[in-house]
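Chain letters run A, B, ... following the sequence lines, proteins first and then strands; every chain starts at 1. Every value quoted in this text rests on a predicted model; they were computed, and no experiment measured them. Reckoned from all heavy atoms, side chains included, excluding hydrogens, waters and symmetry mates.
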Amino acid sequence: MRRVLGITHKRPGSIQPPGFPSGFGRSTRGGACAAHPREYIPPPMADVHNPFARAAAEAVAAATGVPASELTVTAPPRPELGDFAVGCFPAARAAGQPPPAIAARVAAAFQPTALLASATATGPFVNFKVDRAAAFRWVVDATLGDGASLVPRVTDRTVCIDYSSPNISKHLAYHHIRSTVIGHALAQLHRELGWRVVGINHLGDWGTTHGMVIAALQKWPPEGPLDVTTLNALYVRYREAIKEDPSLADEARAWFKKLEDGDPQARALWEKQREVSWAEFAQVYDELGIRFDEIRGESAYEADMPGVIEMLQAKGLTSISEGALVVEIPGEKTPLLLKTKDGTTLYATRDLAAAQYRWNTYHFDRSLYVVDRGQGLHFKQLFKVLEMAGFDWATRCEHVPFGLVRLGGKKTSTRAGAGAGKQDVVLLREVFREAQAGIRDRLRESNTDLSDDAVDAIARTVGVGAVVFANLAPQRDRDFDFEWDKVLSTEGDSGPYLQYSHARCASILRKSGTSVVLDDATRAALARLGHDAEWAVAKRVLDFGDTVARSAASCEPHILAHYLLDLAGDFSRWYTAGNGDASLRVLCEDAETRRGRLALTAAVRTALARGLALLGLGAPDVM
RNA sequence: GAUCCCAUAGCUCAGUUGGAUAGAGCGACGGUUUCCUAAACCGUAGGCCGCAGGUUCGAUUCCUGCUGGGAUCACCA
């Protein structure tokens, strides 16, 4: 199922003169689907991974007769009230009694279990306290064991994720990062949960745009090696030239037509564009640690166009509207366009083909399109047409929309790439370079014993981490205002803060001079743990699995991002408690306590590292 | 005009199918380092959760309307 990373070389399909250019300054992708609003549906209590939370619900269920699936477990507003709270509202409704009375009865009948130590009624809630020793054991086993039990796993499920999907002959600019980073996080999250994941880069490599670049290459042959900057400049210049001499548009069309017809010269130039573009994209993807399972551009579907159209025609779905071949959609004002009045296929047609290809190839349970919200209507209609065509799997297709990236309050992704001045676009590689430079300086100051290579390596990891995290922390739907200070921030709620917390864990473990081993002695030492700051850390780790599941199910990486901030904060509070009191340090005098604390530190380190990896961030051992 | 998204502290944002005293970060002010890395931690100040109705025992959360901001609305992708 996995494909080797590389460009799938594509034979131009048939005919169709190209549509009118434009759109070059825009990612092929971007959009939201209002027709299929995928709301996150929490799992029934029986599927909650945290065994302590589940036990709390089951205890109330057993005492009241209300099924656990109807109960919700939450965290009490203040930790001293308890660890997990179950509201007695459903039981009260069923019994016709006030919730506090039910809560009191449940608490009175409670008998301690292996997982739960006590139950207290507070108003309508039953607040459970966990058996801390059992919880510490669970946390350490789940994180330091084989890793299987930290998160809930599914089997035999497949998800296709279309993300990043830039246009060739153009730089990866900052506005591409959201799709790239969100898509990658969703891929990682699903992998963690046991899904088969097909990460797809649906390159924008087809259309008259590319005919324009070919024409420009003919007209103004560049000197020296070709790169994306040159290609983009040629494109911009050509577009400008068309304004003066409209016949150049026909020339570009003619070149695209040649490309479609398999003309060797056109094809060679087009392939060169792809090659040069991919070389640059690959550098950025490498920097981000992203590998796609399938790199299959729009050109790959050109040969499927006639079949798609025939299929829709055979089902009687097509009609001619204003000269264009369309599918009218009940309840929609505008139809889905399959072909222009000139006979050119459109991207909707290619998306229909791509959707079918993905189904036929992977039989996915979910097919995600991580595309900006502006494309909402397109996907809504696309999925609707698939449904109208009788594909019941259409309901498995989901739009994963995200907000715009703005620069100084302005939209940065430009439809008319020609008019975009340099100041309107922030290049991704420039952002990374800037981020890494600042961090490199910082490291040289604070870690003078590090080699230059080590400094460079850490600066890369932390610099990228800052940028990636800044994009993942806000929920997808919100627009994103690009601000250098914020994106490059290494303090407070930031990627570097998480990485720093991880480095502190690593540092403490390093200084212990021992390695944490998951054995009986370690488990026994956990009995020494328990003060509030320590307990807060362990309790947080209990939620790791359910958080990952929720984040993946709702396609919201920010849920995990905020969880990790909480975890890092809990850990920071814990270890700084040792600043004023040596007996509270991990590396304290008492050997048994020390052993237990080291195990918890190792658990946090593992949870942070795994969480960071899921978001696409590295976890350095030194900062 | 139609549709969609958003509105929570000065700023940027969280808030787990409706529940207990709405939380972080930044900024401001004040503290913490002979001590496992101060990229950290603690404290103080700061809120009509846009407005008005509705459903409910209970609404920041769900529904309707309104205001304000953004996006989309066919032969571009």
So, are A/Asp570 and A/Lys539 salt-bridged, with charged N and O less than 4.0 Å apart? no
Salt bridge flag under 4.0 Å for residues A/Glu302 and A/Arg350: yes
Taking A/Arg540 first and then A/Asp566, would you say they form a salt bridge - that is, a charged N and a carboxylate O separated by under 4.0 Å? yes
If you pin A/Leu325 and A/Asp477 to their nearest nucleotides in RNA chain B, which one's is more 5'? A/Asp477
When you check the gap from the basic side-chain N to the acidic O, do A/Asp590 and A/Arg595 get nearer than 4.0 Å? no
If you take atom types as modelled and just measure distance, does the side chain of A/Arg78 reach the base of B/U21 with a donor-acceptor pair under 3.5 Å? yes
For a quick check of understanding: with a heavy-atom distance under 4.0 Å over all strands, which category does A/Arg93 fall into, base, sugar-phosphate or nothing? base
In whole Å, what separates the C1' atom of B/A9 from that of B/A74? 45 Å
Scan A/Val73 against the nucleic acid and name what it touches under 4.0 Å (heavy atoms): base, sugar-phosphate only, or nothing. nothing
Does a side-chain N or O from A/Arg442 land closer than 4.0 Å to OP1 or OP2 of B/A39, or not? yes
Just name whichever nucleotide pairs with B/C62, Watson-Crick or G-U, keeping both distances under 3.5 Å, else none. B/G54
When we call it a touch if two heavy atoms are under 4.0 Å apart, what does A/Arg573 touch: a base, just sugar-phosphate, or nothing? sugar-phosphate
Across the strands shown, which category fits A/Asn127 at heavy-atom distances under 4.0 angstrom: base, sugar-phosphate, nothing? base
Does atom CD of A/Glu80 have more than 12 heavy-atom neighbours from other groups under 6.0 Å away? yes
Calculate the interatomic distance between A/Lys333 atom NZ and B/A2 atom C1'; express it in whole Å. 5 Å
Take atom CG of A/Leu71 and atom P of B/U16, then tell me their distance rounded to the nearest Å. 18 Å
Less than 4.0 angstrom between a side-chain N/O of A/Ser507 and OP1 or OP2 of B/U37, yes or no? yes
Would you indicate what A/Gly87 reaches in the nucleic acid, counting non-hydrogen atoms under 4.0 angstrom: base, sugar-phosphate, or nothing? nothing
Using only atom types and a distance under 3.5 Å, with no angle test, would you say the side chain of A/Thr601 pairs donor to acceptor with the backbone of A/Arg597? yes
Short side-chain N/O contact to B/A7 OP1/OP2 from A/Arg478, under 4.0 Å: yes
Tell me whether the OP1 or OP2 atom of B/G15 has a side-chain N or O from A/His558 closer than 4.0 Å. yes
At 4.0 Å (heavy atoms only), tell me whether A/Pro99 reaches a base, stays on the sugar-phosphate, or touches nothing. nothing
Rounded to the nearest Å, what distance is computed from the CZ atom of residue A/Arg239 to the C1' atom of nucleotide B/C76? 9 Å
Give one of base, sugar-phosphate or nothing for A/Arg350, where a contact means two heavy atoms less than 4.0 Å apart. sugar-phosphate
I want to check one thing: is the phosphate of B/A77, taken as OP1 and OP2, less than 4.0 Å away from some side-chain N or O of A/Tyr347? no
What contact category does A/Pro335 fall into here, base, sugar-phosphate, or nothing, at under 4.0 angstrom with non-hydrogen atoms? base
With both distances under 3.5 Å as the test, what is the Watson-Crick or G-U wobble partner of B/G47? none
Please tell me which of the listed nucleotides, B/A39, B/A74, B/A20, lies nearest to the side chain of A/Met623? B/A39
Would you mind reading off the distance between A/Asp47 atom CG and B/U16 atom C1', rounded to a whole angstrom? 16 Å
Would you say B/U37 has OP1 or OP2 under 4.0 Å from some side-chain N or O of A/Tyr497? no
What is the nucleic acid contact for A/Ser512, judged by heavy atoms within less than 4.0 Å: base, sugar-phosphate only, or nothing? nothing
Crowded around A/Asp581 CG? As in, over 12 foreign heavy atoms under 6.0 Å? yes
How is A/Gly323 classified with respect to the nucleic acid when contacts are heavy atoms under 4.0 Å: base, sugar-phosphate, or nothing? nothing
A/Phe125-B/A20 aromatic stacking (under 5.5 Å, under 30°): yes
Any N or O donor-acceptor pair linking the side chain of A/Ser321 to the base of B/A74 at under 3.5 Å? yes
Using OP1 and OP2 only, check whether a side-chain N or O of A/Lys511 sits under 4.0 Å from B/U37. yes
Give A/Thr490 one of three labels, base, sugar-phosphate or nothing, depending on what nucleic acid heavy atoms sit under 4.0 Å from its own. base
For A/Leu338 and B/A74, what is the distance between atoms CG and C1' respectively, to the nearest whole Å? 11 Å
Could you tell me the separation between the CG atom of A/Leu608 and the C1' atom of B/A39, rounded to a whole number of Å? 14 Å
Using a heavy-atom cut-off of 4.0 Å across all strands, would you classify A/Tyr575 as base, sugar-phosphate, or nothing? base
Are the side chain of A/His176 and the backbone N or O of A/Leu172 linked by a donor-acceptor pair below 3.5 Å? no
Among B/A77, B/C73, B/A40, which nucleotide sits nearest the side chain of A/Leu377? B/C73
At 4.0 Å (heavy atoms only), tell me whether A/Ala92 reaches a base, stays on the sugar-phosphate, or touches nothing. nothing
Under the 3.5 Å rule, do the base of B/A74 and the side chain of A/Glu322 count as making a donor-acceptor pair? yes
Taking NZ, NE, NH1 and NH2 as the nitrogens, is one of them in A/Glu332 or A/Lys380 under 4.0 Å from a carboxylate oxygen of the other? yes
Classify A/Ala577 by what it touches in the nucleic acid, base, sugar-phosphate, or nothing, heavy-atom distance under 4.0 Å. nothing
Measure CG/A/Asp481 against C1'/B/G69 and give the value in whole Å, please. 12 Å
Any side-chain N or O of A/Gln475 below 4.0 angstrom from OP1/OP2 of B/C6? no
Is the aromatic ring centre of A/Phe89 closer than 5.5 Å to the centre of the six-membered base ring of B/G19, with the two planes inclined by less than 30°? yes
A/Arg504 side chain near B/C36 phosphate (N/O to OP1/OP2, under 4.0 Å): no
Could you tell me how far apart A/Asp479 (CG) and B/U72 (C1') are, to the nearest whole angstrom? 13 Å
